[in-house]
2 protein chains.
Amino acid sequence: MSDKINNLSVDCVVFGYEDNQLKALLIKRDKEPEANKWSLPGSYVYLDEPIEKAAQRVLLELTGIHDIFLTQVGIFGEVDRYPQHRVISILYCALVRPEMFELLAGSHAKEVSWHEINSLEKLPFDHNQMLDAALNWLKDELWRKPILINLLPEKFPLNQMQELYQLILQNPIDNRNFRKKVISQGLVEKLNEKSKGGQQRPAFLYKLKVPL
Amino acid sequence: MSDKINNLSVDCVVFGYEDNQLKALLIKRDKEPEANKWSLPGSYVYLDEPIEKAAQRVLLELTGIHDIFLTQVGIFGEVDRYPQHRVISILYCALVRPEMFELLAGSHAKEVSWHEINSLEKLPFDHNQMLDAALNWLKDELWRKPILINLLPEKFPLNQMQELYQLILQNPIDNRNFRKKVISQGLVEKLNEKSKGGQQRPAFLYKLKVPL
DNA sequence: CCAAAAGTGTTGTAACTACACCCATGA
DNA sequence: TCATGGGTGTAGTTACAACACTTTTGG
């Protein structure tokens with residue numbers, strides 16, 4: 001492996017949906033600065049490494065998550081954003097189903113775990129701004145592309161999808177309008193299956209329709 | 001001035017509106033690689049320099065344009081985008097009125113001038129992709145924010161504004177719908193003045209309304 | 001008076017909002 | 001049978017697209 005670029009890093013916001021909560025994947029930092037603090041997974045880019053590859057590698061090394069769909073959502077380049085020296089960081093965002101991966105702390109991560117978005121302490125550096133940027137990106141994209149495909153289980157009742165939308169958008173949505181919209185837009189496909197194990201009336205299951 | 005970051009540069013797409021054409025500002029490169037080719041103005045970022053400041057500086061040094069509103073529109077980080085070594089470039093875009101600035105080639109620019117968007121030869125490196133990215137950004141933003149404020153003269157007839165929209169969006173717009181829209185959205189304000197010097201019926205002048 | 005550009009209204013459609021009740025099931 | 005979440009329809013509003021003629025002026 002060649003040299004790393006000292007002034008360029010990638011950071012990743014990985015969102016997951018679990019226990020009816022929207023969560024982000026954080027690592028506990030091993031080294032100074034900010035040792036033992038929870039922060040976004042991130043690290044340097046190598047000289048001969050495409051930036052997105054770097055993001056994939058970093059996620060794998062630090063958290064065990066691999067081969068997921070990543071999107072660039074911003075650049076963070078304040079001169080003093082990192083205390084030790086100038087680092088410009090490129091922010092990536094991904095959506096995953098937590099149950100799909102076994103978390104595995106590695107490299108400079110002491111621990112990895114999912115943290116509920118709304119009950120986070122202050123993160124180091126500019127990671128709170130990064131998280132905000134990622135959330136805003138997510139809100140923006142939500143109705144444009146079927147990006148939830150990696151956040152929702154394969155089959156789900158519509159009301160669960162609605163809850164997730166509400167969690168992300170942070171405001172309530174009218175149930176009838178929501179159903180009309182996702183169905184008429186062809187975002188989802190109704191299955192001939194009903195949820196089981198609920199305490200009440202079973203719901204029809206849907207799956208996301210991905211445009212060819 | 002401190003060291004430059006060898007792997008990080010900024011490039012700028014500056015759009016201008018002149019002679020009823022949408023133009024981009026290009027420099028003729030002084031040095032290898034691609035000496036004597038027209039390309040986007042760009043250069044390295046210094047270690048202690050905020051990225052946008054770098055873009056402002058680079059524009060001033062190369063073209064004489066200064067203190068304009070710049071927006072980040074993308075990152076170009078392909079490993080081999082620049083032949084000599086790895087450079088990640090951050091792309092900025094600006095809109096200016098050509099008549100407001102005197103162009104002044106400096107630094108590694110041999111010449112500077114405005115080039116009509118639709119009759120450009122192939123640009124070096126990935127500058128064509130950058131231009132496309134900037135154009136797409138412009139198309140996207142066009143109806144969202146009054147970004148034309150720096151592209152149109154202070155006072156203009158509505159039909160000129162429409163022409164500019166058509167140039168950018170690359171398709172025709174219905175004149176009545178256009179007028180209704182920009183007026184009802186409060187984008188423009190009608191003045192008590194008419195254009196002079198035209199060969200036909202004078203038009204009322206408008207100015208852009210900037211939201212507080 | 002004529003050429004050229006300025007300016008003007010209506011109608012249909014699609015998308016969104018707001019809103020309240022009955023239904024099916026498991027306990 | 002009842003508590004719980006699942007599921008449905010209508011009406012008003014707003015934004016947009018399509019479309020053709022009259023008006024004003026300078027030459």
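Side-chain atoms are counted along with the backbone in the values below, which use heavy atoms only and exclude waters and symmetry mates. Proteins get letters first, then strands, A, B, ... in listed order; numbering begins at 1 in each.
Distance, R179(B) CZ to dA17(D) P: 17 Å, rounded to whole Å. Whole-Å rounding puts the Q185(A) CD to dA14(C) P distance at 14 Å. Taking atom CE of residue M161(A) and atom P of nucleotide dG6(D), one finds them 15 Å apart after rounding to whole Å. Nucleotide dC16(D) holds its P atom 15 Å from the CD1 atom of I183(B), rounded to whole Å. The distance from atom CH2 of W143(A) to atom C1' of dC16(C) is 11 Å, rounded to the nearest whole Å. Atom pair F156(A):CZ and dG7(D):C1' shows a separation of 16 Å (rounding to whole Å applied). We find that CZ of F204(A) is positioned 13 Å from C1' of dT8(D), with the value rounded to whole Å. Note: CZ (F178(B)) to C1' (dT8(C)) measures 16 Å, nearest angstrom.
Taking the ring-ring contact (aromatic ring centres under 6.0 Å, His included) definition, one finds that H108(B) meets it with nothing, sequence neighbours left out.
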**OP:** For each nucleotide in nucleotides 19-27 of chain C, reading 5' to 3', give B when a protein heavy atom comes within less than 4.0 Å of its base, S when such contact involves only the sugar-phosphate, and - otherwise.
**Re:** BB--BBBS-

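Aromatic rings of Y165(B) and F178(B) (six-membered ring for Trp) have centroids within the 6.0 Å cut-off, being under it.
A salt bridge links E18(B) to K23(B): one of the charged nitrogens lies within less than 4.0 Å of a carboxylate oxygen. One finds a salt bridge joining E141(B) and K145(B) here, because a Lys/Arg side-chain nitrogen approaches an Asp/Glu carboxylate oxygen to under 4.0 Å.
Remark on DNA chain C: of its neighbouring residues K190(B) and S184(A), the 5'-side contact belongs to K190(B), judged by nearest-heavy-atom nucleotide. Mapping A203(A) and K181(B) onto DNA chain D by nearest heavy atom places A203(A) at the nucleotide closer to the 5' end.
Rounding to the nearest 0.5 angstrom, the gap separating the CG atom in L22(B) from the CH2 atom in W114(B) is 9.5 Å.
Counted within 6.0 Å of CD on E78(B), heavy atoms from surrounding residues, nucleotides or ligands total 12 or fewer; the atom is thus considered open.
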